[in-house]
Structure formats: structure tokens, C-alpha cells
There are 2 protein chains.
Amino acid sequence: MTRNITRALTTAVLLLLSGSVLAQQVPQLKPDEVIRYRKAGYVFMNWNMAKLKAMLDGSVPFNKDQVLAAATSINSTVNSGMGALYPPGSDKDAGAEKTRLKPEFFTQPEKVKEVAGAYRAAGTKLAAAAATGDPAQIKPAFDDMGKACKGCHDAFRKD
Amino acid sequence: MTRNITRALTTAVLLLLSGSVLAQQVPQLKPDEVIRYRKAGYVFMNWNMAKLKAMLDGSVPFNKDQVLAAATSINSTVNSGMGALYPPGSDKDAGAEKTRLKPEFFTQPEKVKEVAGAYRAAGTKLAAAAATGDPAQIKPAFDDMGKACKGCHDAFRKD
């Protein structure tokens, strides 16, 4: 019952948001599903960042096709509309899903806009750099992507 | 100790594999990590497939930018070199990670090649169809992507 009320309120809040955010929202996404989906995006991104790191630091041979595949995957995750996976209240664990999202995410919209903008720009830049196949261009773009990830972690992720 | 031996043997087996597979392999990826990463890829793909489904069946308004973002994300996941996340022995649960991969995955290489080829081709086709912005082209490509997913589930995923 409480859960139904919570969901009804969440839906009401979503209806107050902009059309662009709403268009990204799959209907009836449950509180545990938004956490599960967004965490999956970051975990998969981790793998691709680890591959890039290994190829850029020489742990494994540099392979420009693999660099491009990893960077394209990262960019398409970053720019997939993940904002829709952060509905109000989703700083609370739900079902079997735990989240480290800080409640400040919902009280500091300007800071969210700042870190999200840097994140999306870094993804776009990384994919463009990877397309050149030039490690000298890819390395700084990779570093900037890492900084953009950290920017959000520092502001909105619990330790 | 047993785990170290298992990892040494896994590394030895990987060294016998082709250079292209090896190039995709982050060094020292642990047995639980390969399961965690591959499952994350499929979970995130689920979200994007659900978004496409909702826009194609009219549950939410069709938005060609969102369709393109979802299809691009799916295709870049499909074609990210996920084969590297299926080392020998990874049909066994590892650490906290559970897997539904059937052992047949490692004894039916021709079938793996068939389902993996269909999967990658469907991803490429879906992204190309999404780029047209035409639902009449996107719908069959989405259906084919779903069939390609199911093809692997039917052959190699436990219920």
C-alpha cells in the first residue's frame, strides 16, 4: 500500500518534469529497476574503461579497432539518456538493489547539470579521439573521461 | 592456492587462443569479473530494448533521437568484443556472481559462432535502421535483434 502510494507520487512528480525527460522514461519502471539498469551501465563502462587503460598504458597491445569499440560503447552509454534512471527517491535502496546515490543529487540541480554536462561532453570527445586511432589524442580524452566520472562520484556517490 | 592454480591454467588456455581474442582481454580479469561485466552488458541492453519496444508499440511517443540513442547503445554493446568475457570455465558461478551459461557453450563452437554472428549482424542492422528514423524499417530490425538474443538464450542459457 505504502509502495503503491510512493509509486503514484513518483509518477506525479515525473509528470511535472520536462517532455524530453519523460520521453526517455519506459512506462512503469520500478524503483529497483532504475537502480539495476543504471548500475549495469556503469559496470559495463568499467570494463570498457579498463580495456582502454590497459591498451594506453601498454599492459596489452594497442589495437585501434578495440579502442574504437570500447570508446564507442562508453560514449553510447554516457549519451543513452541515463538521466531517466534517476527519478526522485532513487537514492534509496529498493528491493534487492542497493544504491550509493546521495540525497544531495535531488537538492543540487545546478551541480547535477554541471557534472552531467561534463560527462556527456567527455564521452563525445572520447569517441571522436578514438576514431583518429592516435594514442596521443586518445590518452588525454581518456583521462578527461575518468575525471568526468570522478566529478560525479565526488559530488553524488557515497564512499 | 587452488584458485591461483585455476587462474594460472585459465591464463595458459587463453594464451592458446587467437591473437584477436587475446587483444580484447584485460590482463588478470578474475572469474567473477567476467560474469559481472557480461551480465551488466545484457542488463543495460535490456533497458534499451525495453525503451525501443515501448516506442515501437506506442506505449510512449516515438522519438527518433531516443530510438537512435538506444539502438546505438545496443549495437555498441553487442559489438564491443564480449566474446572475451567467455573464457573457458566461466559457466561456473564465481565469488558472488552467478551465471546461467550452459557448459555446452564450450563444446559447441560452431553453434557459438552461428549465434554470435547472428547477434552481431542484428546489432549492426538495428543501428542502421534506427539511423533512418523510419519506424517501418526499425520495427523488423528490432524484432530480428530480439530473435538473435533468443537464439543464444535457447542454445546456451539455463532457464
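Throughout, a chain's letter reflects where its sequence line sits, starting with A, and its residues are numbered from 1. Values below: all heavy atoms of this structure, side chains included; hydrogens, waters and symmetry mates excluded.
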Going by residue number, which parts of residues 36-46 of chain A are within reach of chain B, meaning a heavy-atom gap below 4.5 Å?
A:Arg36, A:Tyr37, A:Ala40, A:Gly41, A:Val43, A:Phe44, A:Asn46
Quick one: side chain to side chain donor-acceptor pair (under 3.5 Å) partners of A:Glu104, sequence neighbours excluded?
none
Drop me the distance from B:Thr77's OG1 to A:Asn48's CG, to the nearest 0.5 angstrom.
8.0 Å
Any donor-acceptor N or O pair under 3.5 Å, side chains B:Ser80, A:Ser73:
no
Would a hydrophobic clustering, with Ile, Leu, Val, Met, Phe, Trp and Tyr connected at side-chain separations under 4.5 Å, put B:Val78 with A:Leu68?
no
Could you tell me whether B:Lys158 atom NZ has more than 12 heavy atoms of other residues or ligands within 6.0 Å of it?
yes
Within 6.0 angstrom of B:Lys102 NZ, more than 12 heavy atoms from elsewhere
yes
